[in-house]
Amino acid sequence: MKRLLGVYCGVLLTLSASIFAHDDLQVRPETFKSLAQDFLQISNEVFDGQIQRQMEVFGRQGVDADLSWNLQLSSSYLDNDLDSSTRVNVSAGKTWTSELALAKPFSWGGQLSFSDGYTRSEKNPAALALYGGGANPAFENAQTLTYSQDFGRNFFGKVFRLKRIMADLSIVQKEIDLENIKQEALLQLYDIYLHVRLGKTLVELQEKALQRAQQRTDFIARRMRDGLAKRAEYLQAQMALSQQEEQLRLEQSALREHLKSLHTIMRRHLSPESFTVLSDVHFRLPIRPSEFPEKNYSYQKLMKQLDQAHNRGKMLAQQGWPDLKVSVSTKRNDYDAEGTTAFNEGTLSSARQEKIISFALNYPLGNEANRLDIAKTRLETAVLVADRDQLENQLRAEEQNFHQQISYTSKNIESSKRRVALGRDAVEEYNQLYRQGKTSLDAVLRADEDLIAAEKRHNDYLVQKKVLLGSLALIYGQSASFLLTEDDF
């Protein structure tokens, strides 16, 4: 019993090993969706587009960083023993000064600042004896609160808001560029992918043609041995066989070239066995967006450039205004012989204070450089408007042209499909007639060549229509979603 159980287990292990070995030998099928997902992760163009977008995000964050808190710390030491026009230099002495300032700008063009200054003064004893004075050394602590508002160039933060809008537009432009890169890259990948499958299809069709030529040559060889066929017919059949062998090598070479292109952009080896051959399917037409050509990414990019030019013009016009600022500040201090007392009493709550209201105006007369920049921006805007109108007409013309080409290709697919069916029937019929001695070998060979040509042309049309549909989806701004939902046919 134990021996039978051991034999049974050995058989199971052998079967399992053979099954797993068979699974390991199977090649994972490659679909366009799986290739596209890997491709978007490794594409240099997509990566560069992502970097460009992130740089604009940093630029946008830099605009907001202008509103960050500012901290300033300064300290100085003065030892004055200079000569003076008077008998005694009243300014002689030693002074230690330290100041801490904190400022916060706001998006509405205002700024609030606070400063605290601490000073230790040690006067010249001779000056004190001659002119009198307070404690020596003496300590002062002063705190100042200031608010300033821009009523000119940056009127209530208008320049800042324009900077933020332009930074946001730059991000949107790079996002549009990135999406357009993905759309065009996927269409390029799709074209190569289809030609790989087309190459494999043509190889298999050529293998079938070679098989027919071999069967025909073997049949004529048997008839020649029986005295029913001439040697010239056998030689002609051998020539046709050699021609099909040459054509097969050409198709295999073309397939390797297409695979090489796919290897290059996918950065990995791909086996031709992992791709399926082409077949007739129902083609799906991309849905035309209600907002066309607004959904086209090239059109969107141009519109954002136009918006950017308009905002740049507003920015330049605003920068032509005078710089007008109004500030209000209050300062409170305490002077004492004790440093601790001066520090504790010299705060904003001190009874003694100094109030200042200031007005500052700065206006560059002439401002010729600003006017020239505004004129240049107007010209750039005019060029962008002309480009927009031209692009709109171009996209509408391309849409019409794609629809016409798709219509012509669809009719050619139906026509070539009928030719393939007729060609197969003709080859079978001519083979039967030749076996019966009712037609020549030339007629059989011509029928076979016509069938091969019809099969190749039919598959060419299938690929052409798929690429045309993808190109139409691209100008609609939906090639990525369209191609990734396409069923492999």
Side-chain angles (χ1 to χ4, degrees), residues 25-40 42-43 182-211 244 247-286 402 405-406 409-410 412-417 419-421 423-424 451-474 479-489:
L25 293 175
Q26 290 181 343
V27 179
R28 180 172 67 92
E30 297 288 355
T31 64
F32 176 73
K33 187 174 183 179
S34 64
L35 290 174
Q37 290 173 346
D38 294 341
F39 172 70
L40 292 178
I42 62 174
S43 171
K182 290 181 180 179
Q183 302 259 341
E184 293 180 350
L186 285 177
L187 183 59
Q188 179 187 7
L189 174 66
Y190 190 60
D191 183 85
I192 299 175
Y193 167 75
L194 289 178
H195 278 86
V196 168
R197 295 184 61 192
L198 173 62
K200 182 173 182 179
T201 302
L202 296 182
V203 167
E204 292 197 4
L205 290 174
Q206 195 59 47
E207 288 174 346
K208 292 179 181 179
L210 178 61
Q211 184 180 5
Q244 297 303 329
Q247 192 62 37
L248 176 59
R249 287 191 289 270
L250 290 175
E251 297 297 348
Q252 290 172 339
S253 177
L255 174 59
R256 284 193 295 270
E257 287 298 319
H258 293 312
L259 278 172
K260 178 183 176 183
S261 300
L262 197 57
H263 294 166
T264 301
I265 62 175
M266 293 303 300
R267 304 181 189 176
R268 60 184 174 91
H269 177 75
L270 295 166
S271 172
E273 285 74 23
S274 59
F275 296 91
T276 58
V277 297
L278 300 176
S279 61
D280 292 336
V281 294
H282 173 71
F283 293 91
R284 182 168 60 94
L285 193 69
F402 280 133
Q405 291 189 51
I406 290 171
T409 307
S410 298
N412 288 337
I413 288 175
E414 295 301 321
S415 175
S416 62
K417 187 176 182 179
R419 284 202 298 131
V420 170
R424 289 171 180 170
L451 173 59
I452 296 172
E455 289 175 334
K456 291 181 178 180
R457 180 60 64 183
H458 178 67
N459 284 278
D460 282 337
Y461 288 144
L462 293 178
V463 172
Q464 287 178 21
K465 186 172 181 179
K466 279 291 185 180
V467 174
L468 286 171
L469 291 172
S471 301
L472 180 61
L474 177 63
S479 66
S481 59
F482 178 79
L483 296 177
L484 291 175
T485 54
E486 277 287 89
D487 294 330
D488 289 315
F489 64 100

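Excluded from the calculations below are hydrogen atoms, water molecules and symmetry mates; all remaining heavy atoms, backbone and side chain alike, are included. These numbers were taken from a predicted model, which means no experiment stands behind them.
Note that NZ of K260 and OG of S253 are 10.5 Å apart. Values are rounded to the nearest 0.5 Å. Here the straight-line distance linking atom NZ of K417 with atom CG of L462 works out to 9.0 Å at 0.5 Å rounding. To the nearest 0.5 angstrom, F275 atom CZ is 5.0 Å from L262 atom CG. Distance check, rounded to the nearest 0.5 Å: CG of L205 to CG of L248 gives 11.0 Å. Between the CG atom of L474 and the CD atom of Q188 there is a distance of 12.0 Å, given to the nearest 0.5 Å. One finds the CG atom of L35 at 8.5 Å from the CD1 atom of I265 (value rounded to the nearest 0.5 Å).
Q247 and E251 form a side-chain donor-acceptor contact under 3.5 Å, judged by distance and modelled atom types alone.
Counting all heavy atoms, side chain and backbone alike, S410 lies closest to K465 at OG-NZ, 2.7 Å. The two residues G470 and S479 come nearest to each other via the heavy atoms O-CB, 3.9 Å. Contact record, G199 with L255: C-CD1, 3.9 Å, taken as the closest heavy-atom pair. Heavy-atom minimum distance, L484 versus A36: CD2-CB, 3.5 Å. Looking at every heavy atom in both residues, I192 comes nearest to S261 through CG2-CB, 4.1 Å.
Within the 3.5 Å criterion, the main-chain N or O of L278 finds a donor-acceptor partner in the side chain of T201. Looking only at distances, no side-chain donor or acceptor of R419 sits under 3.5 Å from a matching main-chain atom of H458. Here the side chain of S43 pairs no donor or acceptor atom with the backbone of F39 at under 3.5 angstrom.
Side-chain contact between F402 and L469 is absent, with no heavy atoms from C-beta onward closer than 4.5 Å. In this structure, the side chains of F283 and I406 stay at 4.5 Å or more apart for every pair of heavy atoms. Within the 4.5 Å cutoff, no side-chain heavy atoms of L189 are placed close to those of L483. Between H258 and L198, the closest side-chain pair of non-hydrogen atoms is not below 4.5 Å. Residues Q252 and R256 have side chains in contact (heavy-atom distance under 4.5 Å, counting atoms from C-beta outward). Within the 4.5 Å cutoff, side-chain heavy atoms of Q206 are placed close to those of I452. Using a 4.5 Å cut-off on side-chain heavy atoms (C-beta onward), L40 and L186 make contact. Counting heavy atoms from C-beta outward, R424 and E455 have side chains that approach closer than 4.5 Å.
Electrostatic pairing of E30 and K200 does not count as a salt bridge here, judged by no charged N lying under 4.0 Å from a carboxylate O.
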Test log, rule side chain to side chain donor-acceptor pair (under 3.5 Å), inputs T31 and S34:
CA-CA 5 Å; T31 64; S34 64; 3.2 Å; yes
Run V196 and L270 through side-chain contact (heavy atoms from CB on, under 4.5 Å) and show every step you take.
CA-CA 10 Å; V196 168; L270 295 166; over 6 Å; no
